[in-house]
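Reminder, nothing fancy here: chain letters follow the sequence lines and each chain counts from 1.
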Amino acid sequence: MSEERSLNFLEEIVEEDIAAGKNGGRILTRFPPEPNGHLHIGHAKSICLNFGLALKYGGKTNLRFDDTNPTKEETEYVDSIKEDVKWLGFEWAHELYASDYFDKLYDFAVTLIKKGMAYVDDSSAEEIAAQKGTPTEPGIPNQYRSRGIEENLALFAEMKAGKYPDGAKVLRAKIDLAAPNMHLRDPLMYRIKHAHHHRTGDKWCIYPMYDFAHGESDAIEEITHSICTLEFIPHRDLYNWFIEKLEIFPSKQYEFARLNLNYTVMSKRKLLQLVEDKHVEDWDDPRMPTISGLRRRGYTPASIRDFCDRIGVAKRENMIDVSLLEFCIREDLNKTAWRRMVVLDPIKMIITNYPEAQTETMFSENNPEAEGGEGGRELPFSNELWIEREDFMEEPPKKFFRLGIGLMVRLKSAYIVKCDSFTKDASGNVTEIYCTYIPESKSGNDTSGINVKGTIHWVSVPHAKTAEVRLYDRLFRVEDPSNEDGDFKEYLNPDSLQILPKAYIEADLAKAIPGKGYQFIRKGYFTLDKHSTADKLIFSRTVTLKDGWKTP
RNA sequence: UGCCUGAUAGUAUAAUGGUAGUACGACGGUUUUUGGUACCGUUUGUCUAGGUUCGAAUCCUGGUCGGGCAACCA
């Protein structure tokens, strides 16, 4: 245990707080999504941070739904968020909702009114915006700001009772209309919304704003470290103001830079557009950066946690290269995925000196990375094989370690073959390749003394089964679609999905287990798609193998 | 033009006044019945100008550049 990894700035803060005996060394974080959409890889960073910090320092983490805006939130999203957090491998201490605190929040508001620190404003949204001034000009108070405490109390009670229509009145904190921080210019605390809430139903027609709900919820739960993203920095003064004036538990807010990944978009709004405009199948389309999309694509929870660990945490804007995500999933799958042979783009090889009706059983291990190969499976071999079209060239370049006239390769787990000739159709496409095999070169007891550079995969023609294979590429053609001119959708990659209707798979793959990753030798990692059936197998490519081969 | 933030290889991240390190990427090599894996090597960096100091990525001052802030969203 000599490994000393340096701490990120949040870990440093936590360690300092523990050393100082703050909160008796107790650590409680929270992950606070609004249930208005599906979680994506950016949320995974926040989840790993909040849960990871608590785990590391013997604390706990609450899952709290920030459901203060009933018009946007749905139970469906609550369920999907819970599923995703669990799938990532984290357990929350308590499942909580900001809406659980609506009564307390109402009382907090009354407290501030009584202290003369909040008032009911009858102005319209436009008027309030105009009266707020601009970053360089102070705002100006209106006539409602000086309303008496009793009147405010009565009006606020009437707002709650449903006496007023949406937008007629709001409750505002009385702070400072000339504050340099715009968020302190008498921010809204409550607005009227006669809307049905996914949990509280029709009990309420006034709902607290984020700023009046979040810090207070943190305080109610006695959250010690409230971690959020950079754009909330200007809210921190307000967060602290409410806590101080209400004299409640002093939770502290800390901010980190959100994750940006290149060649994709991360905003809920944009992801929603991709779904609605049918550029992708759904939220869990394997090309989406959503947790459900990554899951369907074949990413494992461990690989995503590892990724979040490797990207680090800091306060500067960042753009992470997807190659790191791909590295993480390859590293995980390389150790666990069973190897199988699949020919994606087939061409027939005929072994002219192998008996026509003969079948021979070869053996191949499941995983060369694992102790003992984790067992293996039998592979029927015959004189007719499907091989990959790209493994043969009419005029091979110098370092092409595959097939061409006179060239030899090893058929994985079988014999070495030598290419003798080939046939073409009328339009010049190669149709069949003729080879001779070396009987003494059988895998496992090769006495031929022949060394070949290349090994290729194959599937016996009479024994092959078929499957549809879907190959995915990055969703966008440019690194940062949101930052390009015009609509981000103009930069979609038209070739992000390639469907191969008929690939030849080795028979064993008919038993493929949903959710498990397989390495199709030399072709990448694949997993069963959710639409796959026994009659029609469908495999999706999670990621390619790293490919060092470049045509000279 | 106000306030708040931030700036270290291509991308991230560390060094907390004392040798600028790590990972991914790229490039090259060794091993290999996957052009995978593993292993080894190479490459490239402190935004800028001053100052403090024996010594500055780190502290100070000015500038430059990036991000955020004027939702009855979170």
Look at all strands and tell whether A:V452 reaches a base, only sugar-phosphate, or nothing, counting heavy atoms closer than 4.0 Å.
nothing
Any donor-acceptor pair under 3.5 Å between the side chain of A:R339 and the base of B:rU34?
yes
Determine whether a donor-acceptor pair (one donor, one acceptor, N or O, separation below 3.5 Å) exists between the side chain of A:E369 and the base of B:rG36.
yes
Is there a donor and acceptor pair closer than 3.5 Å between the side chain of A:R402 and the base of B:rG35?
yes
With heavy atoms under 4.0 Å as the rule, sort A:P32 into base, sugar-phosphate or nothing.
nothing
From the list B:rC69, B:rU33, B:rA71, which nucleotide is the closest neighbour of the side chain of A:M182?
B:rC69
Using whole Å, report how far CG of A:N334 lies from P of B:rG35.
14 Å
Name the one of A:K193, A:E34, A:H197 that satisfies side chain to side chain donor-acceptor pair (under 3.5 Å) with A:N69?
A:K193
How do A:S413 and A:D321 order along RNA chain B: which one's closest nucleotide is nearer the 5' end?
A:D321
If you go through the side-chain atoms of A:Q519, does one of them form a donor-acceptor pair with the base of B:rU34 closer than 3.5 Å?
yes
P-based separation of B:rC73 from B:rG66 [nearest Å]
32 Å
Choosing from B:rA74, B:rA14, B:rG36, which nucleotide comes nearest the side chain of A:A314?
B:rA14
Span that lies between the P atom of B:rG2 and that of B:rG63, in whole angstrom:
10 Å
In Watson-Crick or G-U wobble terms, both distances under 3.5 Å, what is the partner of B:rG28?
B:rC40
Could you let me know what B:rU53 is paired to, Watson-Crick or G-U wobble, both distances under 3.5 Å, or none if it's on its own?
none
Examine B:rG35: is either OP1 or OP2 under 4.0 Å from a nitrogen or oxygen in the side chain of A:R522? Give yes or no.
yes
Using atom P of each nucleotide, how far apart are B:rC24 and B:rC40 to the nearest Å?
11 Å
Heavy atoms only, 4.0 Å cut-off, all strands: where does A:S123 land among base, sugar-phosphate and nothing?
base
Regarding A:R310, tell me which of base, sugar-phosphate or nothing describes its non-hydrogen contacts under 4.0 Å with the strands shown.
sugar-phosphate
Base-pairing assignment for B:rU46 (Watson-Crick or G-U wobble, both under 3.5 Å):
none
Which of these, A:R191, A:M189, A:R172, sits in a side-chain contact (heavy atoms from CB on, under 4.5 Å) with A:M209?
A:R191
Distance check needed: B:rC4 P versus A:L238 CG, whole Å only.
17 Å
Taking any heavy-atom pair under 4.0 Å as a contact, classify A:L324: base, sugar-phosphate, or nothing.
sugar-phosphate
Please find out if less than 6.0 Å separates the ring center of A:Y210 from that of A:H214.
yes
Take atom CG of A:D166 and atom P of B:rA71, then tell me their distance rounded to the nearest Å.
19 Å
Say we look at B:rG25 and B:rU42: how far apart would their C1' atoms be, to the nearest angstrom?
14 Å
Count the heavy atoms of every other residue, nucleotide or ligand shown that sit under 6.0 Å from NZ of A:K315, and state whether that count exceeds 12.
yes
Grab the CE-P distance between A:M341 and B:rU33 for me, whole Å please.
16 Å
Kindly say whether the aromatic ring centers of A:H198 and A:Y77 come within a distance under 6.0 Å.
no
B:rC3 pairs with, by Watson-Crick or G-U criteria that keep both distances under 3.5 Å:
B:rG68
How would you label the contact of A:K453 with the nucleic acid (heavy atoms, under 4.0 Å): base, sugar-phosphate, or nothing?
nothing
Would A:R522 and A:D391 pass as an ion pair if we require N to O under 4.0 Å?
yes
Between atom CD in A:E137 and atom P in B:rC69, what is the gap in whole Å?
19 Å
Just the rounded figure in Å: distance from P of B:rG35 to CZ of A:R410.
13 Å
With a 4.0 Å cut-off on heavy atoms, is A:E317 in touch with a base, just the backbone sugar-phosphate, or nothing at all?
sugar-phosphate
Under 4.0 Å, heavy atoms only, any strand: does A:F232 hit a base, just the sugar-phosphate, or nothing?
base
Sticking with atom P, work out how far B:rC65 lies from B:rA57, rounded to a whole angstrom.
24 Å
Separation of B:rG68 P from A:E255 CD (nearest whole Å):
16 Å
A:L230 near the nucleic acid: base, sugar-phosphate alone, or nothing, with a heavy-atom cut-off under 4.0 Å?
nothing
Exercise: identify the closest heavy-atom pair between A:R377 and A:M341
NH2-N, 3.9 Å
Under a 3.5 Å cut-off for both distances, is B:rU22 Watson-Crick or wobble paired, and to whom?
B:rA12
Nearest-nucleotide 5' precedence on RNA chain B, A:N445 against A:Y210:
A:N445
For B:rU11 versus B:rA26, give the span between their C1' atoms, rounded off to a whole number of Å.
12 Å
Can you check whether A:R191 has a side-chain N or O nearer than 4.0 Å to OP1 or OP2 of B:rC73?
yes
Quick check for you: among B:rA14, B:rC72, B:rG36, whose closest atom lies nearest to any side-chain atom of A:N8?
B:rA14
Under 3.5 Å donor-acceptor pair, A:H235 side-chain atoms to B:rA74 base atoms
yes
Side-chain N or O of A:T68 versus OP1/OP2 of B:rA74: is the shortest distance under 4.0 Å?
yes
Count the heavy atoms of every other residue, nucleotide or ligand shown that sit under 6.0 Å from CZ of A:R199, and state whether that count exceeds 12.
yes
Per the atom types in the model, does the base of B:rU34 pair as donor or acceptor with the side chain of A:T455 at under 3.5 Å?
no
P atoms of B:rU48 and B:rA7, separation to the nearest Å
14 Å
Is any side-chain heavy atom of A:E388 closer than 4.5 Å to one of A:I456?
no
Could you tell me how far B:rA20 sits from B:rA56 if I compare only their C1' atoms? Round to whole Å.
12 Å
Using a cut-off of 4.0 Å on non-hydrogen atoms, how would the nucleic acid contact of A:G167 be classed: base, sugar-phosphate, or nothing?
base
Scan A:G444 against the nucleic acid and name what it touches under 4.0 Å (heavy atoms): base, sugar-phosphate only, or nothing.
base
If I take atom OH in residue A:Y207 and atom C1' in nucleotide B:rA74, what distance separates them, rounded to the nearest angstrom?
16 Å
Can you check whether A:K72 has a side-chain N or O nearer than 4.0 Å to OP1 or OP2 of B:rC72?
no
